[in-house]
Amino acid sequence: MGEYSRFIDWDKMDSSIQDQDSKELTSTEFQELKQLARQGYWAKNHSLRAKVYHKLISNIPCRTVTPDANVYRDIVVKIVGKRSSSTLPLPEFVDDSLVPTYCLNAEGVGAVRKIISCIASQFPDISFCPALPSVVALLLHYSRDEAECFEKVCRMLACNDPSKRFIDQTFLAFESSCMTFGDLVNKYCQAAHKLMVAVSEDVLEVYSDWQRWLFGELPMTYIGRVFDVFLVEGYKVLYRVALALLKFFHKVRAGQTMESDNVQQDIRAFVRDIAKSVSPEKLLEKAFAIRLFSRKEIHLLQMANEKALQQKGITVKQKSTSSPKRQNVHLAVHAENFKSEIVDVKKMRDIWSWIPERFALCQPLLVYTTLEHGCSLSRFFSHCEGHEPTLLLIKTTAQEVCGAYLSTDWNERKRGGGKLSFFGTGECFVFRLVPEVERYDWVVIKHPELAMSGLEQGAGAPQAADPPPSSAGAPSDPSGRLSPFLSARHFNLPSKAASMFMAGDRECIIIGGGDGQAFYIDADLNHGRTSHCNTFNNQPLCSESFQIAVLEVWGFIDTMSG
């Protein structure tokens, strides 16, 4: 057998994978490597894949002092001693994770624990890293010996390029990645998200499994293909593949009865047995067919979620099960403290499942209602200013209920001077609760060029109120445009990151910008109109001309700080 076969049980390996050395990889260009990785160029040649992994990992920029193979040889005897490698305890930071054997033989299975123990001794700053056992086990298939595998993993852990990210090493990073994954599911897998909310008491608990689907449950043939692309393209590949897994799960299980206690187990079982329904090629094809933001934009979303967790003191894993990581989504709106004239607790919880994860940590706070504060537009603004984000709810005299999630403080309207100007970010959305529950994402998020459509195209828009250039949405080159996914205020993003979504002055409130308004509310907050518009999939939220019975604005109050 070849030099990379020491730890492999070939009876377990895919029979189509050959241990041969006939191919060479000479390309160093990123675009070509990306194409070859996605095509599985080295997937069927064991020796070639081992050499490619060695080359890619050797090029990872690392700290000046990074443990290498010689360090492993120096410390392994001291760390392991005379203990059997099969009984070596795993460090706490792997969080009782699965130690997948994949296609390893008995020697390989023991070597994984030895390598993890040595890594723990060299990286005392790692506090939470549940993906580590899977990464070690996988790379051991493509290493000549334990020391070489140790060096490869250490280089991934010690990467010091701020633009690259490989393995979460703290609970804060891991938990914020779970929240980020939840945000992406909410945006790009709405049908699956709706199912998760319906059958799970805590959707974040389901989504916190997303790395385990990849690093633990996914069979060797599949994780190998994912890892090929991951080493070339980075962390965003993991999000893509996990979203694809959830999409396939929903497609297979839609219409079937599921119980909340078994959702996580059902998904894990589906991923373990994915070969019954999806090939590795189809999985990657689905993953890269999902329209996602750039690595930079995902990084911004991760930063936002980390910031929210830090502000609430959630930075380490709670050892006691009586202290959950966060309040679950269905309990985020407390029935005893919630009172609305428009929606009940259940409907508010439905809305809560749509909002960005970092704000789902908060409680709703009623800041304005026409029943208590009257129908003055100036009073509306005075009560709402200072709150970011807010939730607008409208109940019409025809008993229709609709609303909008507004990411930006209404105080931003003053930046246009006396002129009606649009502002907001791509996290904004509108929804309808009665007669049926439906959320409408803003098409501009997925097609930034639509943001260039002027206000004059919007049905019912005031003709003399063109937004200023700073609110124009996208520059001429959409590919270089920052996504409007996050709040510009939090990250000091340039004005081009803002989006035309919400506007208000002494005459009206408009929700929904770009190529049409979702609805337009007059100055006395009594009447409004809505239109069919491309921005929201050509859907009206309620009657085209409606009379308002009640209008409420809800802010978000942090009840978890400290």
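If you're wondering where the values come from, they're calculated on a predicted model, not measured in any experiment.
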Would you please name every residue forming a ring-ring contact (aromatic ring centres under 6.0 Å, His included) with Phe7, sequence neighbours left out?
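By the ring-ring contact (aromatic ring centres under 6.0 Å, His included) rule, Phe7 matches no residue at all.
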Under the side chain to side chain donor-acceptor pair (under 3.5 Å) rule, collect the residues that match up with His193, sequence neighbours excluded.
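By the side chain to side chain donor-acceptor pair (under 3.5 Å) rule, His193 matches Tyr207.
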For Phe215, which residues count as a ring-ring contact (aromatic ring centres under 6.0 Å, His included) partner, sequence neighbours excluded?
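Phe215 satisfies ring-ring contact (aromatic ring centres under 6.0 Å, His included) with no other residue.
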Could you grab the distance from atom CD of Gln264 to atom OG of Ser200, nearest 0.5 Å is fine?
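OG of Ser200 is found 7.0 Å from CD of Gln264.
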Check: Tyr188/Asp183 side-chain N/O donor and acceptor closer than 3.5 Å:
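Asp183 and Tyr188 do not have a side-chain donor-acceptor pair below 3.5 Å.
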Does Ser143 have any side-chain contact (heavy atoms from CB on, under 4.5 Å) partners at least two apart in sequence or in another chain, and if so, which?
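Partners of Ser143 by the side-chain contact (heavy atoms from CB on, under 4.5 Å) criterion, ordered by chain and then number, come out as Glu148, Cys149, Lys152.
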My understanding is that only residues two or more places apart in sequence, or in another chain, count here; which of them pass ring-ring contact (aromatic ring centres under 6.0 Å, His included) with Trp213?
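In terms of ring-ring contact (aromatic ring centres under 6.0 Å, His included), with neighbours along the sequence ignored, Trp213 is linked to Phe181.
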Partner set under side chain to side chain donor-acceptor pair (under 3.5 Å) for Lys114, not counting sequence neighbours
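Applying side chain to side chain donor-acceptor pair (under 3.5 Å) to Lys114 gives Glu146.
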More than 12 heavy atoms from other groups under 6.0 Å of NZ on Lys251
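It does not: Lys251 NZ has 12 such atoms or fewer within range.
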Under 3.5 Å, is there a donor-acceptor pair linking the side chains of Glu427 and Ser407?
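Side-chain D/A pair, Glu427 to Ser407: absent.
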Which pair of heavy atoms, one from Ser353 and one from Val197, lies closest together, and at what distance?
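Closest pair (atom of Ser353, atom of Val197, distance): CB-CG2, 3.5 Å.
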I'd like to know if the side chain of Tyr53 pairs up with that of Asp228 as donor and acceptor (distance under 3.5 Å, no hydrogens or angles considered).
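Present: a donor and an acceptor within the cut-off.
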Partner residues of Pro389 under the side-chain contact (heavy atoms from CB on, under 4.5 Å) criterion, sequence neighbours left out:
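Expected list: Phe359, Tyr405, Phe556.
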Partners of Ser84 by side-chain contact (heavy atoms from CB on, under 4.5 Å), sequence neighbours excluded?
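side-chain contact (heavy atoms from CB on, under 4.5 Å) check on Ser84 returns Ser86, Thr87.
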Do any side-chain atoms of residues 275-283 form donor-acceptor pairs under 3.5 angstrom with protein atoms, and if so which ones, sequence neighbours left out?
{"residue": "Ser277", "atom": "OG", "partner": "Ile274", "partner atom": "O", "Å": "3.4"}
{"residue": "Ser279", "atom": "OG", "partner": "Lys282", "partner atom": "N", "Å": "3.1"}
{"residue": "Glu281", "atom": "OE2", "partner": "Arg225", "partner atom": "NH1", "Å": "3.0"}

Using modelled atom types only, decide if a donor and an acceptor are shared between the side chain of Arg144 and the backbone of Tyr4 within a distance under 3.5 Å.
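Side chain of Arg144 to backbone of Tyr4: no pair is present.
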In chain order, what residues pass the side-chain contact (heavy atoms from CB on, under 4.5 Å) check against His250, with sequence neighbours excluded?
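His250 satisfies side-chain contact (heavy atoms from CB on, under 4.5 Å) with Ala191, Ala192, Leu195, Ala254 once adjacent residues are dropped.
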Distance-only donor-acceptor pairs under 3.5 Å for side chains of residues 121-136, two or more places apart:
{"residue": "Ser121", "atom": "OG", "partner": "Cys118", "partner atom": "O", "Å": "2.7"}
{"residue": "Ser134", "atom": "OG", "partner": "Tyr102", "partner atom": "OH", "Å": "2.5"}

Could I get the full list of ring-ring contact (aromatic ring centres under 6.0 Å, His included) partners for Phe270, not counting sequence neighbours?
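Phe270: ring-ring contact (aromatic ring centres under 6.0 Å, His included) contacts with Phe249.
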For the pair Asn186 and Arg439, evaluate side chain to side chain donor-acceptor pair (under 3.5 Å) and give the outcome as yes or no after the intermediate values.
CA-CA 11 Å; Asn186 199 353; Arg439 183 187 74 179; 2.4 Å; yes
So, Arg38 and Glu233, do they make that salt bridge, N to O below 4.0 Å?
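Yes.
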